[in-house]
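Whatever order the structure lists them in is the order used to number ligands and atoms, beginning at 1.
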Amino acid sequence: MNEAVPNSSPTAVAVKLRVIPRDQHRISRKDISSGALRVLYRLNEAGYAAHLVGGAVRDLLLGGHPKDFDIATDATPEDVKRLFRNCRLIGRRFRLAHVVFGQEIVEVATFRGSSDDGSGDRHVVDGRILRDNVYGTIEEDAIRRDFTVNALYYDIADFSVRDYVGGYEDLDARVLRLIGDPVQRYREDPVRMLRAVRLAAKLDFAIAPEARAPFADLGELLLNAPPARLFDESLKMLLAGNGLVSFRALEQSGLLADVFPLTARALAFRGGDQYRALIEAGLAGTDARIAQGKSVTPAFLFAILLWGAVRAQVEREVARGTDVNLAWLRVSHHVIAEQAKHVAIPRRFGMIMQEMWTLQPRFEQRLKKRVFRLMAHPRFRAAYDFLLLRAVESPAMAELGLWWTQAQETPHDALAEQLAAGVETDEAAPLADVAAPKKRARRRRRGKPAPAAHVE
Ligand code: ATP
Ligand code: MG
């Protein structure tokens, strides 16, 4: 994506072109998507500059297989639209062209100038937006990018790689270096600090010392970054296949407290190490699901990241005499609201998280009626997966998880009979130990809405 983030005001960035010819780099056209190639060729034939740029060039040079191919050109979005029937223009602050080939969307951005001061003001004269779409040269486009390795251009005209800021060398040395003055670049856009952490973890690169040094002072700028952007960035970091390494890098960078303050606080408390183990197990599980092509949900991720705070606050409320169910409801609502001040949590995910949490105490009530009611709850599966994760925190939870695993594997009637056999305490014996039951009338509870837990 060519993100619409503030530009660098013209800083003293030394621009020196180095051209790496086709026979001296490893980018091969067969690794570029057919859609991107078509756009590159068509632009080139029409007489425009046409380059692959950004993460795609970086990843191709590293031998990876990029998912998205972004293109930079000197054609304006309107020019691009004229060349492609399957093209739509998007973005208001910075116009981009999306060229659509079935499933594939190729993003085409016009070289962006450096005179945008990043203030976000729309400078409108006679209805024309002047400041928002400031086009520039390829050199200006290069220096407004974040890291040197993200500012390499693959030129379709001669298949060379063009490097204006020393990115090719940095790629070789596997180091993320900001273009220009790090402090200034982070002040313009604090999310760049998170991008540094995320990309370093994903690519197994080092962050250049001068790019890491400002974290301590400037990290708190993330406290006021737009929550919607932090939501996107959090998912790219923690829910895109490299969650575990990224989380460790984030904690180590010191920036965790500026994005997930409740998580950082819970990790610093008593029991923090067990909680860290839970988070890491959850992220490892998520990474594995992604590797297997299975679906993952932000709700589960955030439920993990906020669990420490929820559990601690529920304990406190209960100790103060608040009714247990009320405590779970109140605390889960409060914790989500607190976190959402930093990282947006879309409502649909918040509701799922709340249900996953508030169902947790109900796993401990193993009375017959309640067991079946809980199993029929629409959020049972997610809550049960979460319960299994809690096994990391305590042996008691591991046992409880095992009980519920067995319960689900036991046929309905057999389970009903076992439960009817008088396990009427909260500390139920393991299923296998339940004595042979006497027969009782069975009542099906399926389909009946479960009480409580569902919070609007
Ligand atoms: P990924 O592989 O995760 O997609 P990426 O580098 O491609 O990594 P994108 O968010 O897709 O990340 O951004 C594409 C390109 O846009 C980057 O390579 C970089 O050149 C530029 N860019 C993105 N975000 C910023 C930013 N905050 N500041 C400056 N340039 C940025
Ligand atoms: Mg990208």
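Considering backbone and side-chain N/O of Asp68, none are found under 3.5 Å from N/O of ligand 1. The distance criterion of under 3.5 Å between nitrogen or oxygen atoms is not met by Asp70 with respect to ligand 1. On a distance-only criterion, Arg185 and ligand 1 share no N/O pair closer than 3.5 Å.
With 3.5 Å as the limit, one finds a donor-acceptor pair spanning the side chains of Tyr384 and Thr405. Side-chain contact, Gln360 with Trp307: no donor N or O sits under 3.5 Å from an acceptor N or O.
In terms of heavy atoms, Met353 sits closest to Ile336 at CE-CG1, 3.9 Å.
The option from Arg195, Arg58, Glu233 that lies nearest to atom 17 (C) of ligand 1, judged by heavy atoms, is Arg195.
Each of the following atoms of ligand 1 lies closer than 4.0 Å to a heavy atom of Lys202: 1 (P), 2 (O), 3 (O). With ligand atoms numbered from 1 in the order given, ligand 1 contributes 3 (O) to contacts under 4.0 Å with heavy atoms of Arg198. Residue-ligand proximity, Gly54 to ligand 1, at heavy-atom distances under 4.0 Å covers atoms 18 (O). Per-residue contacts place Lys236 under 4.0 angstrom from the following atoms of ligand 1 (heavy atoms of the residue considered): 10 (O). Those atoms of ligand 1 with a heavy atom of Arg144 less than 4.0 angstrom away are 29 (C), 30 (N).
Taking the centre and axis of the six-membered ring of Phe147, the NZ or CZ atom of Arg195 falls outside the cone set by 45° and 6.0 Å. Both tests pass for Arg112 against the ring of Phe94: distance under 6.0 Å to the centre and angle within 45° of the axis.
Applying the salt bridge (Lys or Arg N to Asp or Glu O under 4.0 Å) test to residues at least two apart or on different chains, none of the pairs has a partner in residues 283-296.
Contact annotation: Asp189 has at least one heavy atom less than 4.0 Å from an atom of ligand 1. At least one heavy atom of Arg229 sits under 4.0 Å from some atom of ligand 1. Within the 4.0 Å heavy-atom cutoff, Glu188 does not count among the residues contacting ligand 1.
Neither the backbone nor the side chain of Lys67 has a heavy atom within less than 4.0 Å of ligand 1. If you look at Arg112 next to ligand 1, there are no close heavy atoms at all, none under 4.0 Å.
In this structure, CZ on Phe260 lies 10.0 Å from CD1 on Ile279, to the nearest 0.5 angstrom.
With Ile27 as the fixed residue, the side-chain contact (heavy atoms from CB on, under 4.5 Å) test singles out one of Val57, Leu152, Ile20, Leu52: Val57.
Listed by chain and residue number, nothing satisfies the side-chain hydrogen bond (donor to acceptor under 3.5 Å, both in side chains) test with Arg212 (two or more places apart in sequence, or in another chain).
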